[in-house]
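Just so you know, these numbers come straight off a predicted model, no measurement behind them.
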Amino acid sequence: MSDQIKFIVEKLNQEPFKKNYNLITFDSLESMQLLQLLSDVLGEIDPKHAVDIREETPEQTAKRMLSLLGILKYKPPGSISDLSAFRQGLVTGSKSVIHPVLHWLLQRTNELKKRAYLARFLVRLEVPAEFLQDDTVAETNKQYEELMEAFKNLHKECEQLRTSGFSTAEIRRDISAMEEEKDQLIKRVERLKKRVETVQNHQRMLEIARQLRLEKEREESLAQQKQEQKNQLFHAEQRLQRVQLQLKEMHHAVVDSKPESLMKKLEEEIKFNSYLVTEKLPRELESKKKSLYFLQKVVVEPAMSQSDLNVLEIKINEVNAQINQLIEKRMMKYEPIDSKFSMYRQQASIIARKKEAKAEELQAAKEEMSNTERQMLQKTNQARELEGSEVLKGDEFKHYVNKLRSKNTYYKKKRLEIAEITAEYGILQRTEELLKQRHEAIQQQLQAIEDKKGISGYSYTQEELERVSAVKSEMDEMKGRTLDNMSEMVKKLNTMVADKKSNLAPVIKELRQLRQKCQELTQECDEKKVQYDSCAAGLESNRSTLEQEVKGLLEECIQEESNYRYINCMKRNIEVQLQRAKEEMKTYVSPDPQERRKAIREQYTRMILEQENLGKKLREKQKVVRESHGPNMKQVKMWQDFEQLMECKSECFLKQQNQTAIGQVIQEGGKDRLVL
């Protein structure tokens with residue numbers, strides 16, 4: 001616990017929390033402060049949870065935190081086995097609940113941030129099945145699932161790009177290098193253009209070169225198309241071979257099968273299914289109902305103490321002894337009569353048990369076969385989606401494996417060659433860099449010496465002089481003087497270099513001694529390191545073996561404890577079942593009719609009679625409805641026709657009124673014209 005609290009305090013004092021806690025102040029925090037601290041940490045992981053817990057009820061706070069912890073896949077530690085106890089501790093702000101949660105969250109903050117971000121888009125919205133019957137809702141749900149899958153793919157591509165090792169600095173460096181190469185190529189093209197312009201018919205030659213390049217590109221594309229068509233032809237031939245093999249197998253299966261064998265198989269399946277329906281499944285259903293009844297009765301009854309259990313055990317032992325005595329008496333009384341029947345009964349029971357076991361084995365084998373066929377179908381579909389062809393079988397698969405092996409060896413050989421070439425290229429590149437650095441250093445030294453001696457720019461001057469000497473012959477005298485001066489300067493430089501060598505000779509001797517000493521110390525360090533590594537490996541192996549032993553013992557202890565609890569529960573269930581069986585037997589055998597009415601058999605009999613009476617009434621009602629359905633539908637049709645007839649009459653009446661009103665207006669207008 002102290003290490004856990006230290007880790008929590010250390011993380012809370014860092015960015016982005018900056019709480020400035022120590023062990024004492026953190027341990028003295030109250031429950032509300034702990035809950036607010038937990039809410040702040042959850043808010044750092046998911047910004048939606050950065051809220052003040054004083055503005056919400058404790059139930060809302062607990063519900064919000066539990067929902068986020070469920071999304072983050074947090075599992076309570078072993079000491080908090082009950083979820084209700086964990087929820088109660090989260091509501092009250094218990095330290096035994098909050099501290100492990102904080103420790104778990106602060107250990108993997110970045111991972112949980114990513115998980116919380118993905119949960120906003122990948123937690124499915126459950127739509128009830130009755131709503132999905134609507135076409136619009138179903139289409140929207142389908143679009144929602146497609147968008148979710150698209151988001152998954154985009155996120156995977158983004159993560160791959162992030163982890164691919166390409167940084168922005170490297171990309172910028174590559175871009176700048178490519179731009180430099182582009183400038184160099186442009187300059188080179190310009191120089192070549194200037195050279196070509198002096199040649200006769202250069203335009204025609206350029207056109208011919210362009211056509212040659214186009215034809216080469218076309219040749220490459222045609223070769224690629226040819227290779228693709230060869231691959232398609234190879235796949236088609238393989239598919240044809242597989243289909244032919246399947247056809248042969250089907251032909252063989254049809255030839256071998258006869259109507260008698262098919263009928264025999266069908267009869268066996270019918271017998272097996274009828275046995276399942278008539279005997280096995282009803283018996284299992286009855287046993288499940290009995291166990292459910294007993295479990296419900298156990299749930300209803302109050303909890304029992306150890307003294308009650310001891311009393312029940314004593315009663316069970318007494319009843320078992322009485323049952324054994326009665327069985328012995330019965331066997332002694334009816335032994336000569338039932339001796340033959342008992343043997344047949346035993347044989348019949350043994351055969352029935354064997355039959356039931358074989359039926360279960362057959363059913364399990366059928367389920368396993370169906371699961372295997374389903375998995376094979378899924379794998380075949382996946383292979384077809386990935387490769388565009390079906391899965392290879394038999395000799396084709398062996399041929400394909402041999403081909404892959406040969407390709408693998410060829411690939412390994414080429415990869416070794418590439419690795420050697422890459423290593424050699426790296427060495428040459430490093431050599432080139434060292435030579436460039438040495439050249440630059442020599443140039444800088446030469447420039448410094450030239451500046452010191454007052455002849456800066458000697459190399460540039462020499463080039464200029466050589467260029468000028470080719471053009472102007474009158475500069476020969478000045479060039480000779482300059483060469484004499486430079487020869488004197490070279491002599492002086494040689495003398496200076498000799499002086500420097502003589503001065504550096506003792507330093508080089510001392511450096512050699514130091515190098516030898518460094519080699520000895522390095523060798524001693526390597527030996528010590530080997531000893532340390534061997535000792536550390538031995539200790540690590542001992543520690544791992546001890547951890548495995550402790551883990552195995554803990555698992556064994558947990559397993560034994562669970563077995564003990566399971567046996568106790570089964571014992572209690574059996575005792576309760578026996579008690580209920582006694583009570584049921586007592587009520588059923590009781591001479592009192594009121595007591596007998598309380599028996600479960602009598603209750604179910606009454607319920608069956610009531611349901612049968614109710615079924616009879618409903619069938620009679622259904623018969624009446626069927627008889628009156630035709631006339632009622634005719635009457636409805638007549639009322640609909642009558643309604644349409646009345647609507648037509650109403651429309652005709654309205655039209656007639658409008659026409660009479662228009663005629664009156666026309667007549668009045670004609671009278672007024674006559675008067676005028």
Going by ring-ring contact (aromatic ring centres under 6.0 Å, His included), name the residues that satisfy it together with Phe151, two or more places apart in sequence or in a different chain.
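Phe151 satisfies ring-ring contact (aromatic ring centres under 6.0 Å, His included) with Phe121 once adjacent residues are dropped.
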Would you say that [X] contacts [Y] through its side chain, given a criterion of any heavy-atom pair below 4.5 Å between the two side chains?
X      : Y      : result
Cys535 : Leu539 : yes
Thr409 : Lys413 : no
Lys11  : Val41  : no
Lys290 : Gln577 : no
Arg283 : Glu286 : no
Asn141 : Glu145 : yes
Leu554 : Val550 : yes

Over all heavy atoms of both residues, which pair between [X] and [Y] is shortest? Give the atoms and the distance, please.
X      : Y      : value
Leu42  : Met65  : CD1-CG, 3.7 Å
Asn542 : Thr545 : O-OG1, 2.6 Å
Leu112 : Ile45  : O-CG2, 3.5 Å
Gln579 : Leu312 : OE1-CD2, 3.6 Å

Please list, one pair per line, the donor and acceptor atoms closer than 3.5 Å that link side chains of residues 558-565 to other protein atoms, with sequence neighbours excluded.
| residue | atom | partner | partner atom | Å |
| --- | --- | --- | --- | --- |
| Glu561 | OE2 | Arg565 | NH2 | 2.7 |
| Ser562 | OG | Ile558 | O | 3.3 |
| Ser562 | OG | Gln559 | O | 2.6 |
| Asn563 | ND2 | Gln559 | O | 3.2 |
| Tyr564 | OH | Asn568 | ND2 | 3.3 |

Evaluate side chain to side chain contact (heavy atoms under 4.5 Å, CB included) for Glu527 paired with Gln523, printing each intermediate quantity in order.
CA-CA 6 Å; Glu527 292 175 357; Gln523 187 175 2; 4.2 Å; yes
How far does [atom1] of [X] sit from [atom2] of [Y], to the nearest 0.5 angstrom?
X      : Y      : atom1 : atom2 : value
Glu284 : Lys289 : CD    : NZ    : 13.5 Å
Gln107 : Ile8   : CD    : CD1   : 9.0 Å
Ile316 : Ile574 : CD1   : CD1   : 9.0 Å
Lys517 : Thr522 : NZ    : OG1   : 12.0 Å
Thr109 : Glu111 : OG1   : CD    : 10.0 Å
Asp46  : Leu68  : CG    : CG    : 5.5 Å

In terms of heavy-atom contacts, does [atom1] of [X] have more than 12 from other residues, nucleotides or ligands at under 6.0 Å?
X      : atom1 : answer
Glu30  : CD    : no
Glu368 : CD    : no
Tyr144 : OH    : yes
Lys582 : NZ    : yes
Gln143 : CD    : yes

Residues that Glu313 engages under side chain to side chain donor-acceptor pair (under 3.5 Å), provided they are two or more places apart:
Lys571
Going by an N to O cut-off under 4.0 Å, is there a salt bridge joining [X] and [Y]?
X      : Y      : value
Glu268 : Lys271 : no
Lys6   : Glu10  : no
Glu149 : Lys152 : yes

Please evaluate residues Glu524 and Lys528 with respect to the criterion salt bridge (Lys or Arg N to Asp or Glu O under 4.0 Å), reporting the C-alpha separation (whole Å), side-chain torsions for both, the decisive distance (0.1 Å), and the verdict.
CA-CA 6 Å; Glu524 186 179 357; Lys528 297 292 184 183; 5.2 Å; no
Side chain to side chain contact (heavy atoms under 4.5 Å, CB included), that's the test. Do Leu38 and Leu105 meet it? Break it down for me.
CA-CA 9 Å; Leu38 179 58; Leu105 292 173; 3.7 Å; yes
Could you name each residue pair satisfying salt bridge (charged side-chain N to carboxylate O under 4.0 Å, His left out) that touches residues 32-44, not counting sequence neighbours?
Lys19-Asp40, Glu44-Lys113
Report the residues that fulfil salt bridge (Lys or Arg N to Asp or Glu O under 4.0 Å) with Lys63, sequence neighbours left out, ordered by chain and then residue number.
none
For Lys414, check salt bridge (Lys or Arg N to Asp or Glu O under 4.0 Å) against everything at least two apart and list the hits.
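Expected list: Glu417.
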Report the C-alpha separation of His155 and Lys114 in whole Å, then their side-chain angles, then the decisive distance to 0.1 Å, and conclude whether the side chain to side chain contact (heavy atoms under 4.5 Å, CB included) test is met.
CA-CA 11 Å; His155 181 71; Lys114 181 180 176 181; 3.6 Å; yes
For the pair Asn371 (side chain) and Glu367 (backbone), establish whether a donor and an acceptor sit closer than 3.5 Å, ignoring hydrogens and angles.
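A pair under 3.5 Å: yes.
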Stepwise side chain to side chain contact (heavy atoms under 4.5 Å, CB included) check, Arg64 with Ser39:
CA-CA 9 Å; Arg64 176 172 59 82; Ser39 180; 3.4 Å; yes
